[in-house]
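See structure below.
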Amino acid sequence: MDRYTIKRVAVCMICLVVMASCICIRSRNASSEASSKSVLSASVSSEPQIASRAAVVVEYETGRVLYEKNASMKLPMASTTKIMTTLLTLESGNIDEWFTVDSEAIKVEGSSMGLSEGKVVTKRILCYGMMLPNGNDAANAAAVAVSGSVEAFVELMNEKAENFGLLDTHFVTPSGLDDYTDEHYSTALDMANLTRLALSDETFREICGTSSICLQFGDGESFWLSNSNKLLSSCDGVIGVKTGFTDKAGRCLVSACERDGVTLICVTLSDPNDWYDHTNLYDYCFSMVGAVTYTLKTDQ
């Protein structure tokens with residue numbers, strides 16, 4: 001075999017080796033991509049079936065929607081209204097200044113923190129009274145303390161909603177009571193975005209995540225408040241936020257959950273199975289976040 005033939009054979013052998021290497025690399029990439037897609041599709045296929053009329057799950061940091069069901073449907077939201085009431089009360093300042101509750105404001109139906117005429121409180125105490133036992137008396141007392149009247153406070157609520165970009169939300173009461181009106185409503189997405197704003201306030205975050213607390217009125221009388229949010233003790237990572245119920249709205253629930261450094265917010269409106277649905281939605285959405293992260297890392 002002459003020198004020219006040897007060179008041609010050598011070149012052919014090199015070409016064959018290069019082609020084989022390319023085929024192997026493409027095969028590995030295809031296998032990796034298929035594996036990533038199978039992880040993601042496995043998460044998607046396990047999407048829970050929930051009982052609520054409307055629901056949404058969003059990332060706290062980015063607002064990215066991970067799950068939605070009728071997320072823009074306008075519905076009454078019951079005592080989850082108190083997320084706005086509490087946030088505005090905290091933003092009004094002087095939250096540890098003592099004052100006497102308005103005797104007319106506390107005359108309200110429904111759940112109560114136990115206020116009576118002549119009680120001396122602070123705005124901080126009223127916020128605990130709103131967020132833990134759903135005190136409608138606390139919501140009205142806070143409204144008068146902040147704005148001078150319930151009506152003026154409701155105007156402030158709607159002004160803030162507009163400023164926050166909650167364009168499908170309208171408030172009529174600071175408590176969430178809605179039996180006499182059809183104009184008190186929000187959407188799951190608006191409530192999630194409101195909660196993102198509220199959780200940026202460290203005092204709000206502390207209050208809504210408190211399971212129980214012993215407080216004192218201005219006269220020294222001690223009293224205990226317990227949180228109605230069962231998810232604080234039953235769902236891994238839950239850090240708040242607010243329960244609600246009226247005959248018109250049904251069961252409403254806004255919660256937030258933190259796992260592995262990621263915080264998600266879940267909202268369900270008119271959901272007879274809310275504890276179970278929030279737990280399942282968190283398991284699903286956190287696994288989906290993990291699947292997306294895995295896919296992105298694989299593509300790098």
Side-chain angles (χ1 to χ4, degrees), residues 47-58 67-86 108-113 129-139 166 168-195 198 207-212 225-257 264-285:
E47 180 175 305
Q49 300 299 310
I50 64 172
S52 67
R53 289 188 65 190
V56 74
V57 180
V58 304
Y67 173 91
E68 71 93 17
K69 175 184 178 182
N70 300 326
S72 297
M73 177 184 287
K74 294 179 182 178
L75 293 169
M77 62 290 199
S79 279
T80 62
T81 296
K82 296 184 178 82
I83 295 172
M84 176 66 92
T85 305
T86 298
V108 59
E109 62 182 301
S111 53
S112 167
M113 69 165 286
M130 284 187 273
M131 294 299 290
L132 273 64
N134 283 325
N136 296 331
D137 52 352
L166 310 178
D168 293 318
T169 296
H170 187 262
F171 298 102
V172 175
T173 68
S175 61
L177 290 176
D178 56 15
D179 288 344
Y180 60 91
T181 179
D182 292 324
E183 296 303 313
H184 191 90
Y185 57 80
S186 186
T187 68
L189 185 58
D190 271 8
M191 292 305 297
N193 286 326
L194 171 60
T195 302
I207 291 172
C208 76
T210 300
S211 296
S212 62
L225 298 176
S226 297
N227 202 318
S228 58
N229 187 357
K230 294 181 181 179
L231 289 180
L232 288 170
S233 59
S234 67
C235 184
D236 179 40
V238 167
I239 58 174
V241 177
K242 190 73 194 76
T243 63
F245 173 82
T246 65
D247 290 337
K248 181 179 293 185
R251 293 179 62 88
C252 299
L253 180 60
V254 178
S255 68
C257 186
L264 303 183
I265 295 168
C266 181
V267 180
T268 53
L269 301 178
S270 186
D271 187 350
N273 208 18
D274 50 8
W275 308 124
Y276 183 80
D277 285 342
H278 277 237
T279 299
N280 284 345
L281 284 169
Y282 281 132
D283 289 344
Y284 165 66
C285 288

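Annotation for Lys82 and Gly135: closest pair CE-O, 3.5 Å, computed over non-hydrogen atoms. Closest non-hydrogen pair, Asn136 versus Ser175, comes out as OD1-CB, 3.4 Å. Shortest non-hydrogen contact noted between Ile265 and Ala192 is CD1-O, 3.9 Å. Across all their heavy atoms, Leu75 and Ala54 have their closest contact at CD1-CB, 3.8 Å.
Between the side chains of Asp168 and Thr187, no donor-acceptor pair is found at a separation under 3.5 Å. Side-chain atoms of Asp137 and Ser112 form a donor-acceptor pair, as typed in the model, at a separation below 3.5 Å.
Looking only at side-chain heavy atoms (C-beta outward), Asp178 and Asp247 stay at 4.5 Å or farther from each other. Contact of the Leu281 side chain with the Pro48 side chain is registered, since non-hydrogen atoms from C-beta on lie closer than 4.5 Å. In this structure, the side chains of Tyr67 and Ile50 come closer than 4.5 Å at one or more pairs of heavy atoms. Between His184 and Met77, some side-chain heavy-atom pair lies under the 4.5 Å cut-off. No side-chain heavy atom of Thr268 sits less than 4.5 Å from a side-chain heavy atom of Arg251. Between Tyr282 and Asp236, every side-chain heavy-atom pair lies at or beyond the 4.5 Å cut-off. Looking at heavy atoms from C-beta onward, Thr195 lies out of side-chain contact with Ser255 at the 4.5 angstrom threshold. The side-chain heavy atoms of Asp179 and Glu109, taken from C-beta on, include a pair separated by under 4.5 Å.
From Arg53, atom CZ reaches atom SG of Cys252 across 10.5 Å, with rounding to the nearest 0.5 Å. A distance of 5.5 Å separates OH of Tyr180 from OG1 of Thr173, quoted to the nearest 0.5 Å. Distance check: Thr210 OG1 to Leu225 CG gives 10.0 Å after rounding to the nearest 0.5 Å. The OG1 atom of Thr279 lies 9.5 Å from the CG atom of Asp274; values are rounded to the nearest 0.5 Å. Ser79 OG to Leu177 CG: the interatomic distance, rounded to the nearest 0.5 Å, is 6.5 Å. Taking CG of Asp283 as the reference point, atom SG of Cys235 lies at 6.5 Å (rounded to 0.5 Å).
No side-chain donor-acceptor contact under 3.5 Å links Asp271 to the backbone of Leu253. In this structure a side-chain-to-backbone donor-acceptor pair under 3.5 Å is present from Lys69 to Ser52. Distance alone, capped at 3.5 Å, places no donor-acceptor pair between the Thr86 side chain and the Ile83 backbone. Not one N or O on the side chain of Asn229 forms a donor-acceptor pair closer than 3.5 Å with the backbone of Thr243. Judged by distance alone, with hydrogens and angles left aside, the side-chain atoms of Thr85 form a donor-acceptor pair with the main-chain N or O of Pro174 at under 3.5 Å. With Lys230 contributing its side chain and Trp275 its backbone, the two residues share no donor-acceptor pair below 3.5 Å.
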Apply side chain to side chain contact (heavy atoms under 4.5 Å, CB included) to Tyr185 and Leu269, showing your working.
CA-CA 11 Å; Tyr185 57 80; Leu269 301 178; over 6 Å; no
Side chain to side chain contact (heavy atoms under 4.5 Å, CB included) evaluation trace for Lys74 with Ser186:
CA-CA 5 Å; Lys74 294 179 182 178; Ser186 186; over 6 Å; no
Full working for side chain to side chain contact (heavy atoms under 4.5 Å, CB included) between Asn280 and Tyr276:
CA-CA 6 Å; Asn280 284 345; Tyr276 183 80; 2.9 Å; yes
With side chain to side chain contact (heavy atoms under 4.5 Å, CB included) as the test, would you mind laying out the steps for Ile207 and Leu132 before giving the verdict?
CA-CA 8 Å; Ile207 291 172; Leu132 273 64; 4.3 Å; yes
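Between Lys248 and Asp182 a salt bridge is recorded (basic side-chain N to carboxylate O distance below 4.0 Å).
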